[in-house]
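The structure appears below as structure tokens.
Note that these values count all heavy atoms, side chains included, but never hydrogens, waters or copies made by symmetry. Here, residue 1 is the first one in the sequence, and each next residue gets the next number. Order of appearance sets the numbers: ligands from 1, and atoms from 1 within every ligand.
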Amino acid sequence: MSMNTHDALMRLAAVIDSRRPEQGGDPEKSYVARLLHKGPDAFLKKVGEEATEVVMAAKDADHALAAGGSGVEAARQKVLYEMADLWFHSLIALAHYGLTPADVIAELERREGMSGLEEKALRKAQARSATEAADKQQP
Ligand SMILES: N=c1c2ncn([C@@H]3O[C@H](COP(=O)(O)OP(=O)(O)OP(=O)(O)O)[C@@H](O)[C@H]3O)c2ncn1[C@@H]1O[C@H](COP(=O)(O)O)[C@@H](O)[C@H]1O
């Protein structure tokens, strides 16, 4: 991720934070302030909707790719557009819970180099030994 990408996310997160009711965000003047003012049900619903729109745009893009031809570029743009909406609304949710893009990036950095398959196997093994330990405690 370039420094510019990082900065843009941080700038947007700072604007979103300034729209929180405690920071004086005005629901009459700001879309973000309005969503935060309405509360979790409102912005979580948007996160769900935008995620669904990403999936639908991606399915359309897959069909366009399979068919070839001139529709591919427009379909890819639609995926990009919907993904931006999803990121944007996810940033609003993060702000509500006192989290920032930097926190998400730190979590991804923590996972860096960790194989997803190894992590999954480890998690299953831990769950199994927890169950075995609980079984042993049964009278
Ligand atoms: N990046 C965005 C951004 N992306 C999308 N949107 C808005 O998100 C809304 C929801 O998108 P939809 O496609 O679901 O539109 P809709 O069907 O009208 O939505 P609803 O009626 O369901 O709310 C639209 O009104 C978009 O304008 C955004 N609104 C704001 N920002 C950023 O947030 C900053 C602060 O915005 P305000 O708080 O409005 O000043 C802006 O300067 C921008 O940087």
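- Taking the centre of each ring, Phe43 and His37 stay at or above the 6.0 Å mark.
- Within a 4.0 Å radius of atom 2 (C) of ligand 1, the protein contributes at least one heavy atom.
- At a heavy-atom distance under 4.0 Å, no atom of Ile16 approaches ligand 1.
- Under 4.0 Å is where a charged nitrogen must lie from a carboxylate oxygen, and between Lys136 and Glu132 no such pair does.
- Residues Pro101 and Trp87 are not in side-chain contact: their nearest non-hydrogen atoms beyond the backbone lie 4.5 Å or more apart.
- For the pair Lys38 and Asp41, the salt-bridge criterion is not met [side-chain N within less than 4.0 Å of a carboxylate O].
- When hydrogens are left out, the protein atom nearest atom 10 (C) of ligand 1 is Tyr31 OH, 3.2 Å; that is the closest non-hydrogen contact.
- The N/O atoms of Glu49, backbone and side chain alike, include none that comes under 3.5 Å of an N/O atom in ligand 1.
- The Glu50 neighbourhood of ligand 1 comprises atoms 14 (O), with distances under 4.0 Å to a heavy atom of that residue.
- If you check which protein heavy atom lies closest to atom 13 (O) of ligand 1, you get Asp85 OD2, 3.9 Å.
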Next item on the list: Tell me, with the steps shown, if Thr100 and Leu94 meet side-chain contact (heavy atoms from CB on, under 4.5 Å).
Entry: CA-CA 6 Å; Thr100 68; Leu94 278 179; over 6 Å; no

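- For the pair Gln23 and Arg19, the minimum side-chain heavy-atom distance is 4.5 Å or more.
- The CE atom of Met10 sits 10.5 Å away from atom CG of Leu12, with the distance rounded to the nearest 0.5 Å.
- Distances shorter than 4.0 angstrom occur between a heavy atom of Lys46 and an atom of ligand 1.
- For the pair Ile92/Leu36, a side-chain contact is recorded, criterion being any heavy-atom separation below 4.5 Å from C-beta on.
- The contact set between ligand 1 and Leu12, taken as ligand atoms under 4.0 Å from a residue heavy atom, comprises 32 (C), 33 (O), 44 (O).
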Check: Could you walk me through whether Lys59 and Met56 pass the side-chain contact (heavy atoms from CB on, under 4.5 Å) check?
Finding: CA-CA 5 Å; Lys59 297 307 290 178; Met56 291 191 301; 5.8 Å; no

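- The nearest protein atom to atom 34 (C) of ligand 1, hydrogens excluded, is given as Val15 CG1, 4.0 Å; this is a heavy-atom distance.
- For atom 44 (O) of ligand 1, a protein heavy-atom neighbour is found at a distance under 4.0 Å.
- Checking only distances, Lys29 never comes within under 3.5 Å of ligand 1, N or O to N or O.
- Closer than 4.0 Å to atom 38 (O) of ligand 1 lies at least one heavy atom of the protein.
- In terms of protein heavy-atom proximity, atom 36 (O) of ligand 1 is nearest to Val32 CG2, 3.8 Å.
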Next item on the list: Dump the intermediate steps for side-chain contact (heavy atoms from CB on, under 4.5 Å) on Glu107 and Val104, then the final yes or no.
Entry: CA-CA 5 Å; Glu107 172 59 18; Val104 177; 5.6 Å; no

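- Within a 4.0 Å radius of atom 20 (P) of ligand 1, the protein contributes at least one heavy atom.
- Closer than 4.0 Å to atom 41 (C) of ligand 1 lies none of the heavy atoms of the protein.
- Close approach of ligand 1 to Phe88 (heavy-atom distance below 4.0 Å) involves ligand atoms 1 (N), 2 (C), 3 (C), 4 (N), 5 (C), 6 (N), 28 (C), 29 (N), 30 (C), 31 (N), 32 (C), 33 (O).
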